[in-house]
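Proteins get letters first, then strands, A, B, ... in listed order; numbering begins at 1 in each. Treat the numbers as computed from the prediction; the structure is a model and nothing was measured.
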There are 2 protein chains.
Amino acid sequence: MRIGQLSAMTGVSRRALRYYEEQGLLVTRRSANGYREYAEDALLVVRQITALLDSGLNSDAIRRFLPCARGPQPEFEMCDELRAHLQRRRDELSNQLHRLSEQVGRLAAHLE
Amino acid sequence: MRIGQLSAMTGVSRRALRYYEEQGLLVTRRSANGYREYAEDALLVVRQITALLDSGLNSDAIRRFLPCARGPQPEFEMCDELRAHLQRRRDELSNQLHRLSEQVGRLAAHLE
DNA sequence: GTAAAGGCTCACGTCGGTGTCAAGGTCAAG
DNA sequence: CTTGACCTTGACACCGACGTGAGCCTTTAC
């Protein structure tokens with residue numbers, strides 16, 4: 001599969017796909033003419049990447065997270081570290097959410 | 001109160017305070033020598049600003065939100081709009097949080 | 001054979017909140 | 001008078017996830 005097709009199937013722009021590769025999130029082969037050739041599972045990987053980005057993780061965190069999420073790994077300690085990282089991130093977002101809803105509540109109360 | 005003192009009291013950098021002013025979030029008088037002179041309530045306003053920034057709002061939203069939150073206003077329709085904006089933002093963060101905790105859950109399950 | 005469509009690699013632009021440096025004005029203490 | 005602390009404006013630097021365009025090559029379709 002080439003980049004245009006993958007882009008069409010995932011809704012992710014060609015530029016973004018190249019960026020994911022540049023960041024080490026997405027691996028490709030190259031065919032003889034230099035075109036990127038994506039494997040079958042690229043579809044799934046891209047969906048994972050966008051899901052994680054949408055969840056507020058940056059590409060650095062995703063780079064360390066993806067190999068951990070995709071299959072049984074030899075490195076379990078790294079996974080513990082990542083799990084902790086994700087939980088911290090979740091807590092951060094949770095706090096943000098809390099503060100924001102407090103603000104909204106105060107505003108709403110104030111408007112009466 | 002001058003900028004250094006306000007910075008020390010709030011923990012917000014001088015640069016950031018000037019930026020808030022530049023963005024129309026924070027009003028100052030100037031004394032004869034050109035120095036910024038902050039009123040008493042600036043302390044409160046700065047805390048509101050940082051709270052909102054931490055909550056994930058940008059300065060544009062805050063600019064429209066602050067005059068609405070500070071006291072009784074003539075413009076109630078603007079406030080409705082802002083309330084909707086804030087609720088949308090809250091929902092966005094809520095969704096992010098949801099997705100992230102799902103990811104964390106999947107990862108945790110995967111690690112067993 | 002030719003044009004359109006798609007691919008490639010630079011490489012700069014964007015937004016938002018700050019850091020940081022430059023070049024200078026003001027003011028109190030020694 | 002000088003030093004040092006504090007203030008001013010202006011402007012460039014940064015990160016992150018891309019958008020966008022230039023300039024060029026390859027494949028596909030007619």
Side-chain angles (χ1 to χ4, degrees), chain A residues 1-39 42 45-66 85 89 92-93 96 99-100 103, chain B residues 1-39 42 45-66 85-86 89 92-93 96 99-100:
Chain A
M1 185 175 8
R2 291 186 312 189
I3 197 169
Q5 191 181 351
L6 184 59
S7 171
M9 293 178 71
T10 57
V12 175
S13 74
R14 287 179 277 265
R15 176 66 178 94
L17 292 175
R18 295 192 190 103
Y19 177 73
Y20 297 161
E21 178 178 350
E22 189 183 320
Q23 295 301 305
L25 309 182
L26 196 51
V27 185
T28 66
R29 297 181 288 120
R30 296 302 181 109
S31 40
N33 50 18
Y35 287 9
R36 287 170 179 82
E37 191 62 32
Y38 293 92
V45 176
V46 170
R47 290 204 184 114
Q48 287 193 324
I49 293 171
T50 55
L52 291 171
L53 284 174
D54 287 350
S55 300
L57 277 76
N58 62 16
S59 62
D60 185 65
I62 299 178
R63 175 174 35 252
R64 293 178 300 174
F65 169 72
L66 265 187
H85 175 85
R89 182 64 190 147
E92 282 172 28
L93 283 181
Q96 279 187 21
R99 281 195 294 259
L100 181 54
Q103 296 280 347
Chain B
M1 186 174 8
R2 291 187 310 192
I3 197 170
Q5 191 181 352
L6 184 58
S7 172
M9 296 179 69
T10 56
V12 174
S13 73
R14 286 181 276 264
R15 177 68 178 90
L17 291 174
R18 295 194 191 103
Y19 177 74
Y20 297 161
E21 178 178 350
E22 190 184 319
Q23 296 299 305
L25 309 182
L26 196 51
V27 184
T28 67
R29 298 181 288 118
R30 296 301 180 109
S31 40
N33 51 15
Y35 288 8
R36 288 169 178 82
E37 192 61 35
Y38 293 93
V45 177
V46 170
R47 291 203 183 115
Q48 288 194 325
I49 293 172
T50 55
L52 291 172
L53 284 174
D54 287 351
S55 300
L57 277 76
N58 63 16
S59 62
D60 185 66
I62 298 177
R63 174 172 37 252
R64 295 179 298 175
F65 169 71
L66 265 186
H85 176 84
L86 289 176
R89 181 64 189 148
E92 281 172 29
L93 282 182
Q96 278 185 22
R99 281 195 295 260
L100 181 54

With the side chain defined as heavy atoms from C-beta on, B:Tyr35 is closest, among C:dC8, D:dC6, C:dT18, to D:dC6
Atom OH of B:Tyr20 and atom P of C:dG16 are separated, to the nearest Å, by 15 Å
Flag the pair B:Tyr20 / B:Thr50 as yes when at least one side-chain heavy-atom distance between them is below 4.5 Å, and no otherwise.
yes
| Does D:dC18 have OP1 or OP2 sitting under 4.0 Å from an N or O in the side chain of A:Ser13? | no
Closest of C:dT18, D:dT8, C:dG7 to the B:Ala16 side chain is C:dT18
When B:Asn58 and B:Arg2 are each assigned the nearest nucleotide of DNA chain C, the 5'-most assignment goes to B:Asn58
Rounded to whole Å, CD of A:Glu22 lies from P of C:dC10 at a distance of 10 Å
note: A:Ile3, atom CD1; C:dA5, atom P; distance rounded to Å ~ 18 Å
Exactly one of A:Arg30, A:Arg14, A:Arg63, A:Arg29 clears salt bridge (charged side-chain N to carboxylate O under 4.0 Å, His left out) with A:Glu21, and that residue is A:Arg30
With a 4.0 Å cutoff (strictly under), does any side-chain N or O of A:Arg36 reach OP1 or OP2 of C:dG7?
no
Note to self: For a quick test of reading the model: is some side-chain N or O of B:Arg15 closer than 4.0 Å to OP1 or OP2 of D:dA11?
What the structure shows: no
From OH of A:Tyr38 across to C1' of C:dG6 the rounded distance in Å is 13 Å
Here the distance between atom C1' of D:dT8 and atom CG of B:Leu6, to the nearest Å, is 17 Å
Whole-Å distance, A:Arg30 CZ to C:dG7 C1', equals 10 Å
Rounded to the nearest 0.5 Å, the CG atom of A:Leu17 sits from the OG1 atom of A:Thr28 at a distance of 10.5 Å
Side chain to side chain, A:Leu100 and B:Leu57, heavy atoms closer than 4.5 Å:
yes
Assert: residue with more 5' nearest nucleotide on DNA chain D, out of B:Glu21 and A:Ser59, is B:Glu21
> Looking at A:Arg14, does any N or O in its side chain come under 4.0 Å of the phosphate oxygens OP1/OP2 on C:dG6?
Replying inline: no
note: A:Asp60, atom CG; D:dA17, atom C1'; distance rounded to Å ~ 14 Å
Atom CD of B:Glu37 and atom P of C:dC27 are separated, to the nearest Å, by 13 Å
inquiry  = Taking any heavy-atom pair under 4.0 Å as a contact, classify A:Arg18: base, sugar-phosphate, or nothing.
reply    = base
Checking C:dG7, D:dC18, C:dT18 against the side chain of A:Tyr19 (C-beta onward), the nearest is D:dC18
Exercise for the section: Using a cut-off of strictly less than 4.0 Å, decide whether B:Asn33 has a side-chain nitrogen or oxygen near OP1 or OP2 of C:dC27. Expected result: yes
Distance col, row A:Leu53:CG vs A:Gln48:CD, nearest 0.5 angstrom, shows 11.5 Å
